[in-house]
Amino acid sequence: MQADINGPIRNFTPAEWLEGLNSAILDSALDCIITMDARGVVREFNPASVRVFGYTRQQAVGRELAELIIPPALRERHRQGLQRYLETGEGPVLGRRIEIAAVRADQTEILVELAITAFRIGTEPVFTAYLRDITERVRTERRRTAQYSVASLLAGSQTLAEAGPQIIQTIAASGGWIFGSIWLVDETRELRCAATWHGEHEGLAGFDKVTRATILRGVEGLPGQCATSRKPIWFPDLRLVANFQRRDAAEVAGLRGAFAFPLDAEGTINGALELFSPSLVEPDEDLLQMVDSLGSQIGLFIHRRKMEKELHAQKENAEAANAAKDRFLANLSHELRTPLTPVLLWAGGMSIQPNLPPEIEEGLQMVCRNIELEARLIDDLLDLTRITRGKMKLQKRRADAHDLLRHAIDIVRSDIAARQLTLDVRLEAANPALTVDPSRLQQVFWNVLRNASKFTENNGVVSIHTFNPSPAHLCIQISDTGVGIEPQHLEKIFNAFEQVGVRQEGLGLGLAISKAVVELHGGKIQAFSAGAGKGASFLIELETEKAA
């Protein structure tokens, strides 16, 4: 072999050649490669692992893997799994790709894609883990879901007090935020707290009470500075903020970093939304892009409600008020769509140009996906009105129900992974062909799957099964092992704004819209449950293309 391209050539022994090859693979691999022995002790820690987890190779080798990168809550399960393999030769995660939490040297958690293989050196078992940091990808997916969820909440809410806490919680879930509040500008140009949400951390209830009692004037406080500057503002460390009246309460609650963004509509600032973190925070470009659109959505919602209040103050009847709302939504949809169309056309055309660098092509495709998502969100704002007024139109064409289900699964996959749910998919229908509106039917699948994952406790099971009870019909059954539904409520859950059971999450619109969409396709949707704590099952029945 040639050791130096300009130097003398010498022959390597097979052992030397293999050792050099293995070393080169470990050093150049983009993914983390970590090897441990039968005692769970790290024996190899490649450069990619050093970059991702923050330990040097010397610090990692010789330590137990469980204490090194596995979160405390999962360490005992890891040790038990290792012991089970040593005793039985069986390992449930071996040879599979899974998404799981991991912890870095600075104790921050990340989400990784993990694959483990087992082999033997002599008689001793050895395990190699291949890991890839997918934290940013999952965060991006969650933020896209947050945009969709906020739009749905706004579309189905009557007041900000009703939707506000869930809007804040939805946005907070996209990062490490534990407290949030929405502030509105009143007639005297003062800012007053209209809605709050917080986690269960100690001290937050006290900070909530102080926040609700605070009135801000001009540039006072975080919301005041944000509303005055008309720009999002980061506060990496609250201890360094001079004009912060709630400093003592924030200190007691353990709040360190904060972020606020304006709520605007047609150039008018209607308020601000602020978020707090227990950690120091740094500017996040992805979050800034997300809140730019969310600020407008929420601001427009506030503006719309102000308009409706004025209509009621003028004692116009309910029919006139609804007509005004419909006109506003239609105009809003048109105005929001107009600037998206040329951007989508340009980005779509550029993305198919030959010889584009891969990163440019991927970026253009990302732009197209996000613009299409925005267009979908705009249409969703009108869904409830279209349904109640009988104006929802279907754009039917041939579609494969299995493909639509796969797309819906992809959207909720991060939520399923976050709850460590088992997803059991059996697409057994011999004829999944339908004549439907694909986007509307996918919306139905997504709504039901999202509910199944949301109301199923960690480590539960979500199942999807398709079958043809007859050549003319297709059935899609989505089941879970979650909180269940009392039998007397099985029909009520399809009513708009209807919420049943102890865990009342969301505004009760998803199933109502889903039922309307399925029935417009000539099908039906039914719910089944043996009661609280016994899971639920939804059966969607549609005519196949052959029958249609």
Engineer: Considering non-hydrogen atoms only, spot the tightest contact between Leu255 and Leu204 and give its length.
Structural biologist: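 In this case the closest contact between Leu255 and Leu204 is CD2-CD2, 3.9 Å.
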Engineer: According to salt bridge (Lys or Arg N to Asp or Glu O under 4.0 Å), who are the partners of Arg63, at least two apart in sequence or on a separate chain?
Structural biologist: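 Listed in chain order: nothing, the list is empty.
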Engineer: Listed by chain and number, what are the salt bridge (Lys or Arg N to Asp or Glu O under 4.0 Å) partners of Glu486, not counting sequence neighbours?
Structural biologist: none
Engineer: Looking at every heavy atom in both Gln59 and Gly54, which two are closest together, and how far apart are they?
Structural biologist: OE1-O, 4.3 Å
Engineer: Would you say that more than 12 heavy atoms from the other residues, nucleotides or ligands in this model lie under 6.0 Å from the CD of Glu251, or not?
Structural biologist: no
Engineer: List the residues meeting ring-ring contact (aromatic ring centres under 6.0 Å, His included) with Phe467, not counting sequence neighbours, and say none if there are none.
Structural biologist: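 In terms of ring-ring contact (aromatic ring centres under 6.0 Å, His included), with neighbours along the sequence ignored, Phe467 is linked to His465.
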Engineer: Please list, chain by chain and in numerical order, all residues satisfying salt bridge (Lys or Arg N to Asp or Glu O under 4.0 Å) with Asp208, sequence neighbours excluded.
Structural biologist: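 Salt bridge (Lys or Arg N to Asp or Glu O under 4.0 Å) list for Asp208, sorted by chain: Arg212.
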Engineer: Show me, pair by pair, the donor-acceptor contacts under 3.5 angstrom made by side chains of residues 42-53, not counting sequence neighbours?
Structural biologist:
from  : atom 1 : to    : atom 2 : distance (Å)
Arg43 : NE     : Asp37 : OD2    : 3.0
Arg43 : NH2    : Asp37 : OD2    : 3.0
Glu44 : OE1    : Arg57 : NH2    : 3.1
Glu44 : OE2    : Arg57 : NE     : 3.1
Glu44 : OE2    : Arg57 : NH2    : 3.4
Asn46 : OD1    : Ile33 : N      : 2.9
Asn46 : OD1    : Ser49 : N      : 3.1
Asn46 : OD1    : Ser49 : OG     : 2.7
Asn46 : ND2    : Leu26 : O      : 3.1
Asn46 : ND2    : Asp31 : O      : 3.2
Ser49 : OG     : Ile33 : N      : 3.4

Engineer: Any salt bridge between Glu90 and Arg84, counting N to O under 4.0 Å?
Structural biologist: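 So Glu90 pairs with Arg84 through a salt bridge.
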Engineer: Can you list the residues that meet the ring-ring contact (aromatic ring centres under 6.0 Å, His included) rule with Tyr85, with sequence neighbours excluded?
Structural biologist: Phe127
Engineer: Around atom CD of Glu200, are there more than 12 heavy atoms of other residues, nucleotides or ligands at under 6.0 Å?
Structural biologist: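 Counting other residues, nucleotides and ligands, CD of Glu200 stays at 12 neighbours or fewer.
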Engineer: Residues two or more places apart in sequence or in another chain: which of them pass side-chain contact (heavy atoms from CB on, under 4.5 Å) with Ala258?
Structural biologist: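 With sequence neighbours excluded, Ala258 shows a side-chain contact (heavy atoms from CB on, under 4.5 Å) to Leu222, Phe235, Leu238, Phe276, given in chain and number order.
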Engineer: Who pairs with Leu86 by side-chain contact (heavy atoms from CB on, under 4.5 Å), at least two apart in sequence or on another chain?
Structural biologist: Ala38, Leu82, Gln83, Pro125
Engineer: In terms of relative ring orientation, are Trp177 and Trp234 parallel, tilted or perpendicular, with 30° and 60° separating the classes?
Structural biologist: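 Aromatic pair Trp177/Trp234 classed tilted.
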Engineer: Go through the steps to decide whether Leu273 and Leu263 satisfy the test side chain to side chain contact (heavy atoms under 4.5 Å, CB included), and finish with yes or no.
Structural biologist: CA-CA 7 Å; Leu273 192 153; Leu263 309 178; 4.2 Å; yes
Engineer: Apply ring-ring contact (aromatic ring centres under 6.0 Å, His included) to Trp446 and list each qualifying residue two or more places apart in sequence or on a separate chain.
Structural biologist: Tyr148
Engineer: So, using side-chain hydrogen bond (donor to acceptor under 3.5 Å, both in side chains) as the criterion, who are the partners of Thr214 when residues are at least two apart?
Structural biologist: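 Here no residue qualifies.
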Engineer: Checking Glu109 now: which residues fulfil salt bridge (Lys or Arg N to Asp or Glu O under 4.0 Å) with it, not counting sequence neighbours?
Structural biologist: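 Partners of Glu109 under the salt bridge (Lys or Arg N to Asp or Glu O under 4.0 Å) test: none.
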Engineer: State whether the number of non-hydrogen atoms from other residues, nucleotides or ligands found under 6.0 Å of Ile121 atom CD1 is greater than 12.
Structural biologist: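 Result for CD1/Ile121: open.
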Engineer: Enumerate, atom names and distances included, each donor-acceptor pair closer than 3.5 Å involving a side-chain atom of residues 529-536, sequence neighbours excluded.
Structural biologist:
from   : atom 1 : to     : atom 2 : distance (Å)
Ser529 : OG     : Ile485 : N      : 2.9
Ser529 : OG     : Ile485 : O      : 3.1
Ser529 : OG     : Gly531 : N      : 3.2
Ser529 : OG     : Gly531 : O      : 3.4
Ser529 : OG     : Gly535 : O      : 2.7

